[in-house]
Structure formats: C-alpha cells, structure tokens
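Lettering follows sequence order; numbering is per chain, from 1.
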Amino acid sequence: MNDLRIKDLSAHVGEEVTLLGWVYNKRSSGKIKFLILRDGTGYLQCVFFKGNLDEATFNEAGAVGQESTVEVTGAVKKEPRAPGGYELDAKGLKVTHATEDYPITPKEHGPDFLLDKRHLWVRSSRQVAILKVRHRIVKAIRDFFDERDFSLFDPPILTPAACEGTSTLFETPYFDLGNAYLTQSGQLYAEAGALALGKVYTFGPTFRAEKSKTRRHLTEFWMVEPEMAFADLNDDMDLAEEFLEYVVQTVLKDCAEELRTLERDTAKLKNVERPLPRISYDEAVEILKKKGSDFTWGDDFGGADETLISEEFDKPVMVHRYPAAIKAFYMKRDPENEKLALAVDVLAPEGYGEIIGGSQREDDYDTLLGRIKEHKLPVEAFEWYLDLRRYGSAPHSGFGLGLERTVSWICGLDHVRETIPFPRMIYRNTP
RNA sequence: UCCGCGAUAGCUCAAUGGUAGAGCAUUCGGCUGUUAACCGAAGGGUUGUAGGUUCGAAUCCUACUCGCGGAGCCA
C-alpha cells in the first residue's frame, strides 16, 4: 500500500512520488495536458508535457475518462498557478481502471438526479467538504461531553411505544410481543442513565414517520442528547451555550479549508461565543408583535416565526419558558407560573431554525403520573419511567441537538439532505 | 393530509397552436499554462403516462404517475 496522500505533498517538494487516486477532471491544450487527481484528501493538478513523455503516455493522459482509477508518477513542484499551490510534473501514468461515461459531469445537475446517484455524488468536492465537516462536528460533540465527565449511554432503537406520545412512528412486527417502534428520541432512557451515572449523553439515529416535506426534515436523522442529574433549566442553558460555542469554534479552527470550498461566510459563525442571548417565550412573542406578526400567545412558533425572532440576534438565541400546553408531558412546570414549562429551544441564526430542544424534567412522582393521564398515555408503558421518580428522584435536565440541522447551518446549506451520506426522506429510501 | 410549482437529448434548460433547439457530456479535429479552459465538426428525441380539442399540440383541456417547495409535526 502506498501511504502518500495529496494533503501531505508540501513536505515532498522536489521528490519524485507515485500517487493513487481518481481522475477528477482534465483539460488539454495541444502539447500540454492537465489532469486533476483526487484521493479523498485533496486535489492535485498533474501536468503532462508532450516533450517530456513518450507518446503513449501523453495520449493516454488525454484519453482517460473522468473517475478512472490511476497511478501517477512525477516530481512535486510548488506552483502558484495550480489549485492548492502544488502540482505534479508527471512522468508516468498507469490506468488501473478505465471509466467511461461517468454520469456526474462538471456541470449543473438537479437534486433529484444527484440523489439518484448519491453513491457517486459523495465523490464531488462540495460533498466531500460537507461530510468532512460532519465528521469533525461529530468528533467535537464526543470530545465536548467526554472531557466534561459525561458517559456515552446508548438507548435502544427498537422501543415498545412512543416516547412523547405525539409523533407518528415507524412500526415493525416484533415476534410474539406485538409491534415495536423505531425510536424518535433516546431521552427517556437517558434520564435513567443520568440517575445512574450522573451525566450521560446519547448519540445515535432517530426516526420520525411524519410526512414532513421541507428542507429541514429527514425521516432518519442523528441526535445527541445530554442529560444531567442535579441540574435545573439554567444549568441546561449554560451547558447548551458552552456546547454550541465549542462545536462552532472547533469547526472554524479545523475545517477552514472545507468552509472555503463551501463558500461559507464565516463571520456569522465567529459570533457564536458565550453568552448567548436568553429570552422568554413572552419576550419572543413581543418581538413578533413588534414586527407586525399576528401571532397569538399560546401557539408554537412556525418556521417563519423562528426566522423573525432569530433575525433580532447575530448568534443563536435561547427561548425559554414556553406554554406548557404546547410542550411534552415530561417537562417540569415553572414554579412561578404553572402555565409555563421549564423548556428551552435554541434557534440558529440565518433562518436555520430550531437546532436544540431541551427542558428540566418533571421529577415529582404524583405530578408526572397526573401528566401521563392528562395526555391519555398508557400508564403501564411508563411504569419504568415513573420508577425513576419513585426511587432516588432528583432534579434533572437535558436537551437534544439535531446533527443534520447543525451541519446544515454551519456549512450554510439550503437543505439537510446533503449533510448525511444517504438521506432518508418521505419519498426516497434509495440508494 | 392540504396548498402552490414542475416533468422536453445522458445532464441543465429554451421553444405560448405552424419544420423540436442551445450549452455541457460523448466522438473526431485544433491549440505548450489550463482553472466548470477555449475554438471547429458530428452523433444524440415516442416532449412523464393515458385520453380529448384542433387542419395541425411540447404548447390548450381532463385524469393519473413522479418530483420540488411550503403548511401541520418536529431536531
């Protein structure tokens, strides 16, 4: 195996090297041919001069098709005219797999065509950049929690019933036990983890069978959900803002090249530093009214409302204390106003909408039992969850962050479908 | 489920009732520094499906299929 990669070439100027990769694009001009090689770590312009080569090699450099697999040998040169600043003065070319008629040409394509060819689309430079940013975000998320004594606590993906009782779930037969459902959230299980290990986080795929057809929705998406014992809503918000700052600043530091490829305006990301603004639901409603919206108190914010609110700030904004009626049954009520839930949503700037939803959880047994009954949920299915309030109950809080929405925001994309290798949407489950 | 928009060459699109076109891709030719290179030529079509109106339909009408955006729901 040849371990030399394009990203490391700056340390090999003047040396003759052999690189393995694929033909990304090529251009020719009479007695000189340019072949752009990609290997997953970068792009390298390989120059074939007719005078320096035997005729067969020169002709082959012109004939080789896009995405052919090749070995190129030549001397590394610093060259300001080349993309990336370095190029290869090619001496030899070995085509190990000749590709013809590669469907994704270096011109515009529509999203439907590209999604049909998603297994090939992931080779293009934009997609490579997005998926590298995704990887870095995932690592930053893990590092953040690992460094703060959170333990990874994996919840089940097959569950016996709806976690929150509202969403439509994917259903699958489960032996003699009736039906199982694909999880829509690991949170309830994370609460069990927090009361066992103190601080935990779940990180895995979740599923929603809602027929949502928007640029912010997938049916299968990844979510990270930290949960802390002995933490109230303020502690939860402290964690959320430190977390967002860490993730965004880490990506800015480590993914500058990728963000440049994506032409992301990073000025707006640099603002993501503590403290993040905290406003109450009431204050958010005031903002909407001031801007001429006919929003009525008690409703949940729609996508357009979220954009109006977030426009008031140059960084993510935390909106807390929502009407309890529009929030989940497990959220603790505000002791100062029983109509409000101790919930917080974080709205990303630039119209990216809700990226975090969290709350302090109801920790009183009788109150929680009452809520389950009010919501007409099957009490027996929640007996284990009620046990967490029977035995060693404690104030606890947490939140969930949607990975794809976060990647979409940080990369400045117009649709979450590009943030995951193989997106699952209401009318698409292939390739 | 509801509302709006769309489907024409491999891809992106033009052609508003009168001979179906361009750019890219492919093939061939030209060019010694290209940056989605450029210049010239060639091949490439049951206009999503089914029916209707008309002398004549890509174009007008009806139904269906598929896709896109949004609402609801949510991350």
Side-chain angles (χ1 to χ4, degrees), chain A residues 24-36 43 45-53 58 62-63 65-67 77 79-85 87 89 99-117 120-121 124-126 162-169 184-187 205-225 299-307 326-328 345-348 352-358 399-409 414-417 419-420 425-428:
Chain A
Y24 192 67
N25 197 3
K26 61 178 191 202
R27 291 177 279 274
S28 71
S29 178
K31 299 190 174 62
I32 183 170
K33 294 187 195 298
F34 300 94
L35 188 152
I36 311 297
Y43 300 84
Q45 173 163 285
C46 304
V47 186
F48 294 81
F49 275 111
K50 192 166 192 175
N52 297 353
L53 298 162
F58 184 75
Q66 192 189 349
E67 284 303 316
K77 263 172 53 182
E79 172 55 69
R81 287 174 295 187
E87 70 177 21
D89 190 7
T99 295
E100 289 173 13
D101 297 326
Y102 185 69
I104 302 178
T105 60
K107 269 285 181 183
E108 289 171 25
H109 299 282
D112 196 45
F113 174 81
L114 290 169
L115 286 167
D116 281 341
K117 304 273 183 281
L120 302 176
W121 189 21
S124 66
S125 59
R126 259 185 79 81
C163 286
E164 303 182 14
T166 52
S167 297
T168 315
L169 304 185
Q184 61 164 329
S185 165
Q187 183 209 307
T206 52
F207 307 86
R208 305 276 165 92
E210 300 285 349
K211 291 194 170 180
S212 299
K213 285 183 62 177
T214 81
R215 64 187 70 204
R216 302 184 309 279
H217 288 88
L218 298 170
T219 56
E220 176 182 320
F221 66 98
W222 283 62
M223 191 153 62
V224 57
E225 296 176 287
D299 288 348
D300 204 353
F301 302 125
D305 303 317
E306 289 178 350
T307 302
I326 55 169
K327 286 292 179 184
D345 283 357
V346 180
L347 308 180
Y352 281 93
E354 184 184 346
I355 51 170
I356 282 182
F399 61 79
L401 170 114
L403 178 62
E404 286 76 16
R405 285 187 185 176
T406 304
V407 176
S408 184
W409 162 49
D414 61 7
H415 202 300
V416 291
R417 65 190 162 205
T419 65
I420 186 167
M425 292 172 293
I426 155 169
Y427 291 126
R428 174 179 293 280

Can you check the distance between [N] and [M], where both ends of the measurement are the [atom1] atom (answer in whole Å)?
N      : M      : atom1 : result
B:rA22 : B:rA9  : C1'   : 11 Å
B:rU12 : B:rA50 : P     : 23 Å
B:rC11 : B:rG70 : P     : 25 Å
B:rA57 : B:rU47 : C1'   : 11 Å

Any N/O pairs under 3.5 Å between the protein and nucleotides 8-12 of chain B? List them or say none.
unit_1 : atom_1 : unit_2   : atom_2 : d
B:rC11 : O2'    : A:Glu108 : O      : 3.0
B:rC11 : O2'    : A:His109 : ND1    : 2.4
B:rU12 : OP1    : A:Gly110 : N      : 2.9
B:rU12 : O4'    : A:Glu108 : O      : 3.3

Classify the side chain of [X] versus the base of [N] as yes if they form a donor-acceptor pair under 3.5 Å and no if they do not.
X        : N      : value
A:Gln45  : B:rU34 : yes
A:Ser212 : B:rC73 : yes
A:Arg428 : B:rC66 : no

Between [options], spot the one nearest the side chain of [X], thanks.
X        : options                : answer
A:Arg27  : B:rU34, B:rG33, B:rA71 : B:rU34
A:Phe34  : B:rA71, B:rU34, B:rU32 : B:rU34
A:Thr214 : B:rG72, B:rC31, B:rU32 : B:rG72

Give a yes/no answer on whether the side chain of [X] brings an N or O atom under 4.0 Å of OP1 or OP2 in [N].
X        : N      : result
A:Arg215 : B:rA75 : no
A:His415 : B:rG69 : yes
A:Lys213 : B:rG70 : no
A:Arg417 : B:rG69 : yes

Base, sugar-phosphate, or nothing: which does [X] touch, judged by heavy atoms less than 4.0 Å apart?
X        : result
A:Leu218 : base
A:Asn25  : sugar-phosphate
A:Glu87  : base
A:Lys33  : nothing
A:Lys50  : nothing

Only counting residues at least two apart or in another chain, list the ones meeting salt bridge (Lys or Arg N to Asp or Glu O under 4.0 Å) with A:Glu404. A:Arg134

Residues two or more places apart in sequence or in another chain: which of them pass salt bridge (Lys or Arg N to Asp or Glu O under 4.0 Å) with A:Asp101?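 Counting only residues at least two positions away or on another chain, A:Asp101 forms no salt bridge (Lys or Arg N to Asp or Glu O under 4.0 Å).
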
Value in whole Å for how far the C1' atom of B:rU26 lies from CD of A:Glu100: 10 Å

CG of A:Asp414 versus P of B:rC68: gap in Å, rounded?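 Value for this atom pair: 13 Å.
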
